Amino acid sequence: MKLLMVTTVAEYQKGVLKLFKEAGIEAFSTSEIDGYKSNDSLIATQSWFPSEKGGSESLLYFSFTKNKKIDEFFKLVEEYNKHLETDNPIRVVVLPVERAI
């Protein structure tokens with residue numbers, strides 16, 4: 001078992017959910033996050049009263065799942081990212097799980 005973590009801009013939510021389904025990953029969690037690309041935008045939003053939101057609306061998904069499903073998910077995401085017209089690809093990482101209960 002490994003921990004699969006996925007980040008994406010909120011606009012790709014439907015696409016990511018479809019990829020999870022196609023890979024057979026049925027159990028996962030998600031959280032809304034703010035995504036930043038450079039330190040300049042992060043510094044600008046750290047004022048006491050920022051006038052506007054500095055980050056992009058993004059999502060973090062995570063799932064404890066098996067290697068076979070992770071391999072399939074990676075293939076699907078690589079194909080999905082090839083067809084994007086933006087420079088905001090879906091990002092995926094896998095972390096080993098040493099112990100779990």
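Nothing here was measured: the structure is a model prediction, and the numbers come from that model. Position 1 is the first residue of the sequence, and the numbers go up from there.
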A.B. asks: At their closest point, which heavy atom of Ser63 faces which heavy atom of Ala27, and how far apart are they?
C.D. replies: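 Where Ser63 meets Ala27 most closely, the heavy atoms are OG-O, 2.7 Å.
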
A.B. asks: Using 0.5 Å steps for rounding, measure from the OG atom of Ser29 to the CG atom of Leu60.
C.D. replies: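 That separation rounds to 9.5 Å.
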
A.B. asks: What's the spacing between Lys66 NZ and Met1 CE if we round to 0.5 Å?
C.D. replies: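 The CE atom of Met1 is 8.0 Å from NZ of Lys66, to the nearest 0.5 Å.
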
A.B. asks: For Glu26, enumerate each residue passing the side-chain hydrogen bond (donor to acceptor under 3.5 Å, both in side chains) test, keeping only those at least two apart in sequence or located in another chain.
C.D. replies: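 None.
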
A.B. asks: Return the minimal non-hydrogen interatomic distance between Thr8 and Val16, and the atom names on each side.
C.D. replies: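 Smallest heavy-atom distance, with atoms named: CG2-CG2, 3.8 Å.
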
A.B. asks: Using only atom types and a distance under 3.5 Å, with no angle test, would you say the side chain of Asn81 pairs donor to acceptor with the backbone of Pro89?
C.D. replies: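 Between the backbone of Pro89 and the side chain of Asn81 there is no qualifying donor-acceptor contact (under 3.5 Å).
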
A.B. asks: Is the backbone of Ile25 close enough, under 3.5 Å, to the side chain of Thr65 for a donor and an acceptor to pair up by distance?
C.D. replies: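 A pair under 3.5 Å: no.
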
A.B. asks: Any heavy-atom pair between the side chains of Ile70 and Lys2 that's under 4.5 Å?
C.D. replies: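 Counting from C-beta outward, Lys2 and Ile70 do come under 4.5 Å.
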
A.B. asks: Could you tell me if the side chain of Val94 sits less than 4.5 Å from the side chain of Leu3, heavy atoms only?
C.D. replies: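 No; the side chains remain at least 4.5 Å from each other.
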
A.B. asks: Does Phe28 have its ring centroid less than 6.0 Å away from the ring centroid of Phe62?
C.D. replies: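 No, the ring centres sit 6.0 Å or more apart.
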
A.B. asks: Hey, mind stepping through Glu78 and Lys75 against salt bridge (charged side-chain N to carboxylate O under 4.0 Å, His left out) and telling me if it holds?
C.D. replies: CA-CA 5 Å; Glu78 286 175 351; Lys75 289 177 191 174; over 6 Å; no

A.B. asks: Check whether any side-chain heavy atom of Val6 lies under 4.5 Å from a side-chain heavy atom of Phe73, and answer yes or no.
C.D. replies: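 Yes. Closest side-chain heavy atoms under 4.5 Å.
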
A.B. asks: Drop me the distance from Leu76's CG to Phe20's CZ, to the nearest 0.5 angstrom.
C.D. replies: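 Answer rounded to 0.5 Å: 11.0 Å.
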
A.B. asks: Can you find a pair of side-chain heavy atoms, one from Val77 and one from Leu19, that are under 4.5 Å apart?
C.D. replies: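 Side chain of Val77 against side chain of Leu19, heavy atoms only: contact under 4.5 Å found.
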
A.B. asks: Quick check for you: to the nearest 0.5 Å, what is the distance between Glu72 atom CD and Glu22 atom CD?
C.D. replies: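 So the gap between those two atoms works out to 8.0 Å.
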
A.B. asks: Establish whether Leu17 and Leu59 are linked, either directly or via other cluster members, by ILVMFWY side-chain heavy-atom contacts under 4.5 Å.
C.D. replies: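 Yes; tracing contacts between hydrophobic side chains, which count when under 4.5 Å, links both residues.
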
A.B. asks: Would you check if the side chain of Lys69 reaches a backbone N or O of Gly24 as a donor-acceptor pair within less than 3.5 Å?
C.D. replies: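 Judged by distance alone, yes, a pair lies under 3.5 Å.
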
A.B. asks: Take the angle between the ring planes of Tyr80 and Tyr12 and call it parallel below 30°, perpendicular above 60°, tilted in between.
C.D. replies: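 Aromatic pair Tyr80/Tyr12 classed perpendicular.
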
A.B. asks: Report the C-alpha distance between Leu4 and Val92 in whole Å, list the side-chain angles of each, state the deciding distance to 0.1 Å, and finish with yes or no for side-chain contact (heavy atoms from CB on, under 4.5 Å).
C.D. replies: CA-CA 7 Å; Leu4 174 71; Val92 184; 3.3 Å; yes

